[in-house]
Every structure is written in structure tokens, then in C-alpha cells.
Amino acid sequence: MAAIRQRVAGRTLSPGAKLPSIRGFAKVMGVSNSTVVEAYDRLAAEGLIQSRPGSGFYVAGPVAPLVLTEIGPRLDRAIDPFWVSRQSLTAGAETLKPGCGWLPADWMPQADIRRSLRALSRSGTDATLADYGTPLGLPALRQLLSRRMAERGIAASPEQIMLTESGTQAIDLLCRFLVEPGDTVLVDDPCYFNFLALLRAHRVKIVGVPYTPTGPDMERFAAALTEHRPRLYITNSAVHNPTGAALSPVTAHRLLKLAEQAGLTIVEDDIFADFEHEPAPRLSAFDGLERVIHIGSFSKTLTAAARCGFIAARPDWIEGLIDLKIATSFGGNPVSAELVHSILKDGSYRKHIGALRDRLSRARSEVGRRLRTLGLSPWTEPRGGMFLWYSLPDGLDAADIARRALADNVVLAPGNAFSVSQTATRFLRFNVAQSGDAKVFAAVERAMSVAGET
């Protein structure tokens with residue numbers, strides 16, 4: 001019954017569609033014919049499907065609204081990705097957010113942002129302040145991004161770079177461009193939970209590949225390519241979210257070789273690049289942007305209030321993406337682009353990033369120490385970034401801990417929100433920049449103590 005409900009909710013089975021035969025579905029599900037008959041009868045009684053004598057069973061009713069939480073594995077609504085995001089975005093000042101994925105406002109370069117806004121208001125052209133931007137985006141910023149990527153070994157001309165409203169919009173555009181409903185997309189397991197949310201919205205089949213401290217498990221990756229023939233793989237090469245791991249050169253080369261053999265396209269989400277002390281390998285650098293698409297944004301390091309991201313890809317793909325961007329959002333955002341360009345070009349951004357890396361390094365050390373004192377264990381020791389991926393002691397469930405911590409106004413991010421296979425039951429992701437208050441650790445300790453008694 002759950003399998004049929006998921007297919008209807010995800011619109012794999014639309015109203016009027018014929019359901020699999022009783023015998024065929026029983027074979028697929030590994031159950032008896034009588035079990036399928038009973039399930040179909042119950043679904044018919046609920047009005048979800050209807051029987052047509054002599055013909056079979058069909059999906060009933062009008063088109064239902066798309067409910068993303070009904071697609072894919074069913075998670076407890078209290079701790080699914082949408083809930084974590086909603087609570088973090090709408091939380092009041094009294095709520096602590098170690099489970100969120102961004103820096104506190106006072107960690108951002110607010111003085112530089114205010115200065116650039118004042119300058120833009122005085123000297124910005126009428127077109128910048130009131131008109132649509134070009135589809136590719138501000139030429140000066142694309143030129144600067146081209147130089148910045150070259151520092152990481154990625155060769156991309158300004159004409160191969162298209163600005164977007166955010167990293168999220170970049171992934172959304174690429175999904176629209178590269179996949180169709182029903183296609184298979186590979187992700188890391190665990191991975192950034194909004195990858196899962198976006199992919200469910202595009203109604204694709206999501207397959208997770210276990211992630212290791214040096215990148216995806218290559219034996220499982222190769223097996224997934226053979227078994228599922230995916231169209232796309234979405235990943236973080238550097239400062240992996242949620243684990244903080246980094247791709248190794250050996251894994252990168254093996255991954256690209258397999259991708260070439262399988263005709264697989266890769267989207268490399270590099271929004272945490274500026275958090276690195278020592279740059280990790282980039283798939284797009286090794287590949288030359290042939291089958292790898294490189295994306296980034298400045299929401300995590302500069303400001304999320306004036307969002308600006310980008311896509312770097314093959315010239316022919318950029319041409320197709322321009323039309324798609326016009327169709328979905330028309331023009332660009334010249335105010336955000338000018339603001340980002342102003343801060344990046346004058347050297348203040350590099351100074352901010354240098355100080356930010358050092359501050360995050362100290363926070364990772366301190367938060368890690370306090371978590372270990374509580375009995376949690378690190379999965380790996382990140383070389384950069386804001387995330388720690390820690391395991392609870394045996395017998396404790398991260399979702400249970402998250403629910404209990406919520407009573408103390410602390411929003412946590414339990415592991416299964418990031419996991420396709422739902423195998424991260426004991427893990428929690430901590431944002432070290434949001435974990436400086438002792439109340440965070442008191443709430444976790446209290447939740448662990450109560451959970452251990454039940």
C-alpha cells in the first residue's frame with residue numbers, strides 16, 4: 001500500500017493510470033498474490049484506486065497537489081529536511097540553530113556590505129537599479145569568477161559562466177536541463193538534504209552511494225552505474241555537506257574514468273570552496289568542463305540576503321541554459337551581482353575569508369571537544385568548513401534526540417534527513433558557527449540522558 005501511495009503522490013502513477021497486475025506486482029514486491037489483492041481492496045475502499053471489472057485496477061480521482069514529503073522514504077515530519085529548514089528559517093532570537101546550514105549574521109562582513117550598498121545607491125545606473133539583468137549576468141563579475149576558478153585549476157571563460165539567483169537555482173536549472181521525470185540521479189549518502197528535496201520535486205529516481213572520508217565508495221559507485229544507468233550525479237568535491245570530508249585525487253580520477261565510460265554527467269556543487277585552507281581536487285579541473293558542471297554561490301560566505309550564484313559549463317550547454325533561465329526567471333539580478341562584484345574586487349572579501357577560516361578552525365576544535373566530552377564520536381576530522389558529522393553512543397537515535405532538544409528551543413539536524421538509505425540513524429550534523437552557546441550542549445546532554453532512560 002505504501003508503494004502505491006508513494007507512486008501516486010510522486011505522480012509516477014497519474015489519475016487514470018493502470019496499476020500493475022496482481023501477479024506482476026506480487027512478484028516485484030516479493031509477496032503473495034493474496035497480499036496484493038488485500039492491499040488493492042483497501043486502497044479501493046479509501047478511494048485512491050478503483051476497480052474496473054475485466055480490466056484491472058486504476059488510479060482514481062483528479063490530479064492531487066504534489067506533496068514532496070510523500071515522495072521517497074517516509075520520514076518523521078518533525079525531523080524531515082523541510083521541517084529542519086522551516087524551523088531554522090522562521091526561528092526567533094530565543095532559538096539556537098546548530099542544525100542549520102549557514103553562518104550567523106554577525107560572522108558576515110556587514111560593514112563591507114553596507115559600504116557597497118551605499119556606493120551602489122549613489123553611483124549605480126538607472127538600468128542597474130530598475131531594469132532586468134542580462135541572462136548571462138554582469139560581465140565584470142563573470143570575468144572575476146573566471147579568474148577565481150583558474151586559481152583552483154578550472155578553465156572557464158566568462159562566456160562559459162552564467163549567473164544565477166543562488167546555488168539552489170543553479171541545481172534546479174540543471175535538473176530541468178538534464179533530466180526527465182523517471183530518470184535516475186546519483187547522490188552521496190549522506191548528502192545535503194536539499195539535493196533530495198529538489199530531486200523529488202523533479203520526480204526522478206534517487207540512488208544513494210555510500211560516502212567515505214575520501215569520496216564516494218567507488219565499488220558501490222561502479223555497481224550503481226551498471227545497475228541503474230543514471231543520467232546525473234550531484235556531489236560536493238570539497239568540504240562535503242554534511243560530513244566535512246574532501247575528495248582525494250585517486251578517487252577523483254577513478255570517478256571520472258567511470259563517468260566517461262557510462263556517459264554520466266556530474267554536477268559539482270562548490271559553494272563551500274572559500275572555507276578551505278588547503279584546496280581539494282576539483283572534478284571540473286580534471287575534466288575541463290566536458291561532462292562536469294561547476295556551480296557555486298556566495299550565500300554562505302558573504303550574504304544570503306542578496307543571493308548570487310553561478311554555473312560554469314560547456315559553451316553549448318550554457319546556450320541551452322540561457323533559454324531555460326529566460327523561460328523560468330526571465331532576466332538576472334543586477335543589484336545582487338553588482339554588490340557581490342563590488343566586495344570581491346576590492347580585496348575586503350579575501351581579508352574576510354582569511355579571518356573566517358581561522359575562526360571556523362577554532363570553532364571546530366572547541367565544538368568537537370565538547371561533543372566528545374558528551375560521548376559523541378567524529379566520523380572524520382574536516383580540514384575546513386562549518387560542519388561536524390558526529391555519531392551518538394550506541395542505542396540512541398538522532399531523530400529522538402532532535403525531538404527532545406526542540407523542547408529546549410534547539411534545532412538539530414539528525415542524520416537520516418541527509419540519507420537516502422536511512423542508515424544515518426545515529427548521526428547528527430553540527431554547524432560549529434551556530435554552536436557557541438553552552439545551551440546547545442546542555443540540551444543535547446539532557447536529551448541523551450532522557451532517551452537513555454526510556
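What's counted below: heavy atoms across the whole structure, side chains too, no hydrogens, waters or symmetry copies.
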Asks: Going from OH on Tyr211 to OG1 on Thr251, what distance comes out if it is rounded to the nearest 0.5 angstrom?
Replies: 8.0 Å

Asks: Are any non-hydrogen side-chain atoms of Gln261 and Leu258 less than 4.5 angstrom apart?
Replies: yes

Asks: Starting from the C-alpha separation in whole Å, work towards a yes-or-no answer on side chain to side chain contact (heavy atoms under 4.5 Å, CB included) for Cys308 and Leu141.
Replies: CA-CA 11 Å; Cys308 182; Leu141 179 54; 3.9 Å; yes

Asks: Are any non-hydrogen side-chain atoms of Asn194 and Ile171 less than 4.5 angstrom apart?
Replies: no

Asks: Using 0.5 Å steps for rounding, measure from the CD atom of Glu319 to the CD atom of Glu159.
Replies: 10.5 Å

Asks: Using atom types as modelled and distance alone, determine if a side-chain donor or acceptor of Ser121 lies under 3.5 Å from a backbone N or O of Arg118.
Replies: yes

Asks: For Phe286 versus Pro281, what's the shortest heavy-atom pair and its separation?
Replies: CE1-CB, 3.6 Å

Asks: Is it the case that atom CZ in Arg359 sees more than 12 heavy atoms from other parts of the structure closer than 6.0 Å?
Replies: yes

Asks: Any carboxylate oxygen within less than 4.0 angstrom of a Lys/Arg side-chain nitrogen, looking at Arg176 and Asp172?
Replies: yes

Asks: Okay, side chain of Lys300, backbone of Phe272: is any donor-acceptor separation there less than 3.5 Å?
Replies: no

Asks: Can you give me the closest heavy-atom contact between Ala405 and Leu412, atom names plus distance?
Replies: CB-CD1, 3.6 Å

Asks: I need the Gln160 CD to Phe310 CZ distance, nearest 0.5 Å.
Replies: 13.0 Å

Asks: Among side-chain atoms of Ser391 and Arg426, is any donor-acceptor pair under 3.5 angstrom?
Replies: yes

Asks: Indicate yes or no: does Arg369 engage Glu366 in a salt bridge with an N to O separation below 4.0 Å.
Replies: yes

Asks: Do side-chain atoms of Asp287 reach the backbone of Leu289 as a donor and acceptor pair under 3.5 angstrom?
Replies: yes

Asks: With side chains defined as the heavy atoms from C-beta onward, is the minimum distance between Val410 and Pro98 less than 4.5 Å?
Replies: yes

Asks: Output the distance between atom CZ (Arg231) and atom SG (Cys175), rounded to the nearest 0.5 Å.
Replies: 11.5 Å

Asks: Looking at Glu381, is its backbone amide N or carbonyl O close enough to the side chain of Arg383 to form a donor-acceptor pair, meaning the two atoms are under 3.5 Å apart?
Replies: no

Asks: Would you call Glu227 and Lys205 a salt bridge, taking side-chain N to carboxylate O under 4.0 Å as the test?
Replies: no

Asks: Report the residues that fulfil side chain to side chain contact (heavy atoms under 4.5 Å, CB included) with Ser297, sequence neighbours left out, ordered by chain and then residue number.
Replies: Ile271, Ser299

Asks: List the steps, then state whether salt bridge (Lys or Arg N to Asp or Glu O under 4.0 Å) holds for Asp400 with Arg404.
Replies: CA-CA 6 Å; Asp400 185 31; Arg404 295 179 189 278; 3.0 Å; yes

Asks: Whether the side chain of Arg291 engages the backbone of Ile266 through a donor-acceptor N/O pair (distance < 3.5 Å, no angle test) should be reported.
Replies: no

Asks: Would you tell me whether Arg429 and Asn241 have side-chain atoms, one donor and one acceptor, within less than 3.5 Å of each other?
Replies: yes

Asks: For the residue pair Thr212 and Ala245, what are the closest heavy atoms and their distance?
Replies: O-CB, 4.1 Å

Asks: Are the side chain of Arg357 and the backbone of Gly384 linked by a donor-acceptor contact shorter than 3.5 Å?
Replies: no

Asks: Between Asp131 and Thr125, is there a side-chain heavy-atom distance shorter than 4.5 Å?
Replies: no

Asks: In terms of side-chain geometry, is the basic nitrogen of Asp274 or Arg152 positioned less than 4.0 Å from the acidic oxygen of its partner?
Replies: yes

Asks: More than 12 heavy atoms of other residues, nucleotides or ligands under 6.0 Å from CD of Glu445: yes or no?
Replies: no

Asks: Of Glu268, His294, Arg282, which meets side-chain hydrogen bond (donor to acceptor under 3.5 Å, both in side chains) against Ser237?
Replies: Glu268

Asks: Show, in sequence, the C-alpha distance, side-chain angles and deciding distance for Met108 and Leu103, and conclude whether the side chain to side chain contact (heavy atoms under 4.5 Å, CB included) test is met.
Replies: CA-CA 7 Å; Met108 295 299 205; Leu103 296 175; 4.2 Å; yes

Asks: For Asn236 and Asp269, indicate whether the former's side chain and the latter's backbone hold a donor-acceptor pair under 3.5 Å.
Replies: yes

Asks: Supply the atom-to-atom distance Trp379 CH2 to Tyr390 OH, rounded to the nearest 0.5 angstrom.
Replies: 13.0 Å

Asks: Would the distance check show the side chain of Ser419 and the main-chain N or O of Gly415 forming a donor-acceptor pair, the cut-off being under 3.5 Å?
Replies: no

Asks: Can you tell if the side chain of Leu186 reaches within under 4.5 Å of the side chain of Phe221, non-hydrogen atoms only?
Replies: yes

Asks: Looking at Asn431, is its backbone amide N or carbonyl O close enough to the side chain of Ser435 to form a donor-acceptor pair, meaning the two atoms are under 3.5 Å apart?
Replies: yes

Asks: For the OG1 atom of Thr164 and the CG atom of Leu321, what is their distance to the nearest 0.5 Å?
Replies: 10.5 Å

Asks: So Phe441 and Leu371, do their side chains get closer than 4.5 Å, heavy atoms only?
Replies: yes

Asks: I need the minimum non-hydrogen distance between Leu129 and Leu120, along with the two atoms involved.
Replies: CD2-O, 4.2 Å

Asks: Could you report the tightest heavy-atom contact between His341 and Leu138, atom names first, then the distance?
Replies: CB-CD2, 3.9 Å

Asks: Distance alone, cut at 3.5 Å: any donor-acceptor contact between the side chains of Ser329 and Gln169?
Replies: yes

Asks: Going by the angle between their ring planes, with limits at 30° and 60°, are Phe427 and Trp389 parallel, tilted or perpendicular?
Replies: parallel

Asks: Of Val267, Ile206, Ile234, Leu178, which is the lone residue that meets side-chain contact (heavy atoms from CB on, under 4.5 Å) with Val185?
Replies: Ile234

Asks: Is the backbone of Ser421 close enough, under 3.5 Å, to the side chain of Asp189 for a donor and an acceptor to pair up by distance?
Replies: yes

Asks: Minimum heavy-atom separation for Ser85 and Phe193, please, with both atom names.
Replies: OG-CE1, 3.5 Å

Asks: Considering only heavy atoms from C-beta outward, does the side chain of Thr235 approach that of Leu247 to under 4.5 Å?
Replies: no

Asks: Please tell me if the side chains of Met386 and Trp102 come closer than 4.5 Å, counting only heavy atoms from C-beta onward.
Replies: no

Asks: Report the relative orientation of the aromatic rings in Tyr349 and His352; use parallel for angles under 30°, tilted for 30 to 60°, perpendicular for over 60°.
Replies: tilted

Asks: Just to verify, what does Ser348 make a side chain to side chain contact (heavy atoms under 4.5 Å, CB included) with, not counting sequence neighbours?
Replies: Asp112, Arg115, Ile343, Asp346

Asks: Under the criterion side chain to side chain contact (heavy atoms under 4.5 Å, CB included), I'd like the reasoning laid out for Asp408 against Lys439: C-alpha separation, chi angles, the key distance, then a yes or no.
Replies: CA-CA 8 Å; Asp408 287 329; Lys439 294 177 183 178; over 6 Å; no

Asks: Can you check side chain to side chain contact (heavy atoms under 4.5 Å, CB included) on Leu302 and Leu339, steps first, answer last?
Replies: CA-CA 10 Å; Leu302 184 55; Leu339 175 65; 6.0 Å; no

